[in-house]
Peer 1: 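Take a look at the following structure, please.
All of these numbers come straight from a predicted model, not from anything done at the bench. Throughout, a chain's letter reflects where its sequence line sits, starting with A, and its residues are numbered from 1.
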Protein chains: 2
Amino acid sequence: MNFYDFLQREGIKIEKKIGDHVFRQGEIDTSLYFINSGLLKAYYLSEEGKESIKSFLSDKDIIGSLTSAYLGEPCSFGLLCLQPTKLTKISFSALREYSKKDVNIANELIDVLLQFSMKKEKREYEFLCLSAEQRFSLLVESRPNLIEKITQNDLSRYLGVTPVGLSRIKKRVYENMDLTNI
Amino acid sequence: MNFYDFLQREGIKIEKKIGDHVFRQGEIDTSLYFINSGLLKAYYLSEEGKESIKSFLSDKDIIGSLTSAYLGEPCSFGLLCLQPTKLTKISFSALREYSKKDVNIANELIDVLLQFSMKKEKREYEFLCLSAEQRFSLLVESRPNLIEKITQNDLSRYLGVTPVGLSRIKKRVYENMDLTNI
DNA sequence: AACGCGCATTAACCGAGGTTAAAACGTATG
DNA sequence: CATACGTTTTAACCTCGGTTAATGCGCGTT
């Protein structure tokens, strides 16, 4: 059996509208979600009400709260739809049960986790080593399609600056682009 | 077979002195390293010579460059011993071969990757949502033993500030502690 | 058309942390 | 003991981004 078969057999199809939550920060949700289509944001909300965006998710991404699914703790972040979204919901514990019996599923899960780990390492690198301006420029180059789809407010909260800060960064970056293009 | 058996059977024991590199940024190294004892830092070096510390590793940690081991690219960071260190070197591809044949090894690898993923998510959260001062205070509470063992220079490069910046943060934090303790 | 609402920009002010350089400490080595 | 080297602190100055608030812009609703 492969991961696709597992999704077909054990998954539950879900449709969500713009503004709907898949789960909220603080809830227990031990599922993983495979995204068939749509766009979502995973975000933290601080006690003071400050929002920070962990990631944007779209087609073929897999998302879920590991601390909730694996450790049984409340979700440390919430998951909200920015576009109409079709998901397949799967039970994390069912996936783990299958992996314990089926070496193919286990190895596909290993691949998923390796991809995920590398994605998180890349983001760690960007926060540790790059300035907000460099993170913005990198995102413009690497995911121009994403930037078209989200507001500057959300983009800034993903980059770790305020909307006002991002507006200034954009201005600086595009001014410098003009100079180098002369 | 379990992971410990795999280490015994396929691992190579290595000893390193203070200042030795396990691997350098830019090299190809497709191994994983299990740390039996010692202390190391994984660090990035920018083109301008700025060092940023990705993580500190000690007993029972597992470290290796995923981009090198999994994708075959050069290591994006280097690994250096801060204390005399005993390692067990294992081949990542051998581990993957074993996982494909042995469902127990595969599931232990899944657990390792889940732990690793949660660790990286925690660090992402700290950079995204917390100030340098908050990151410092959190580290003082959660890993006081680590702070004793490393220099302030290295600590600052782990927190994403300069040594000068960390000195100021410390001063602020300890002044506030005194006030609250009266 | 008029209104409201959220988003983006701009300006003024502020604070955290970077940069540079000097001084104060440690501590190892001759 | 004296020197030298790395670490930590301190000070002066500067830059970047946060904060607040005002303004403008687009867009949907009535």
Peer 1: Are B:Tyr43 and B:Tyr158, when compared by the centres of their aromatic rings, separated by less than 6.0 Å?
Peer 2: no
Peer 1: Between D:dT7, D:dG17, C:dT10, which nucleotide gets closest to the side-chain atoms of A:Val161?
Peer 2: D:dG17
Peer 1: OP1 or OP2 of D:dG18 versus the side-chain N and O atoms of A:Thr162: is any pair under 4.0 Å?
Peer 2: yes
Peer 1: Let's see if you can work this out: which of D:dT10, D:dG17, D:dT19 has an atom nearest to the side-chain heavy atoms of B:Val164?
Peer 2: D:dT10
Peer 1: Does a side-chain N or O of B:Asn153 approach OP1 or OP2 of D:dG6 to a distance below 4.0 Å, or not?
Peer 2: no
Peer 1: Tell me whether the OP1 or OP2 atom of D:dT8 has a side-chain N or O from B:Lys170 closer than 4.0 Å.
Peer 2: no
Peer 1: Students often get this wrong, so: under 4.0 angstrom with heavy atoms, is A:Thr151 touching a base, only sugar-phosphate, or nothing?
Peer 2: sugar-phosphate
Peer 1: Looking at every strand, decide which applies to A:Leu166 at a 4.0 Å heavy-atom threshold: base, sugar-phosphate, or nothing.
Peer 2: nothing
Peer 1: Let me know, please, whether B:Ile150 or B:Arg168 comes out on the 5' side of the other along DNA chain D by nearest nucleotide.
Peer 2: B:Ile150
Peer 1: Nearest to the side chain of B:Arg172 - C:dA16, C:dT9, C:dG18?
Peer 2: C:dA16
Peer 1: Can we say A:Glu124 and A:Lys120 salt-bridge, meaning some charged N sits less than 4.0 Å from an Asp/Glu carboxylate O?
Peer 2: no
Peer 1: Please state whether the phosphate of C:dT9, meaning OP1 or OP2, lies under 4.0 angstrom from any side-chain nitrogen or oxygen of A:Gln152.
Peer 2: yes
Peer 1: Okay, side chain of B:Asp20, backbone of B:Lys17: is any donor-acceptor separation there less than 3.5 Å?
Peer 2: yes
Peer 1: Hey, mind stepping through A:Ser131 and A:Glu133 against side-chain hydrogen bond (donor to acceptor under 3.5 Å, both in side chains) and telling me if it holds?
Peer 2: CA-CA 5 Å; A:Ser131 66; A:Glu133 180 173 328; 5.7 Å; no
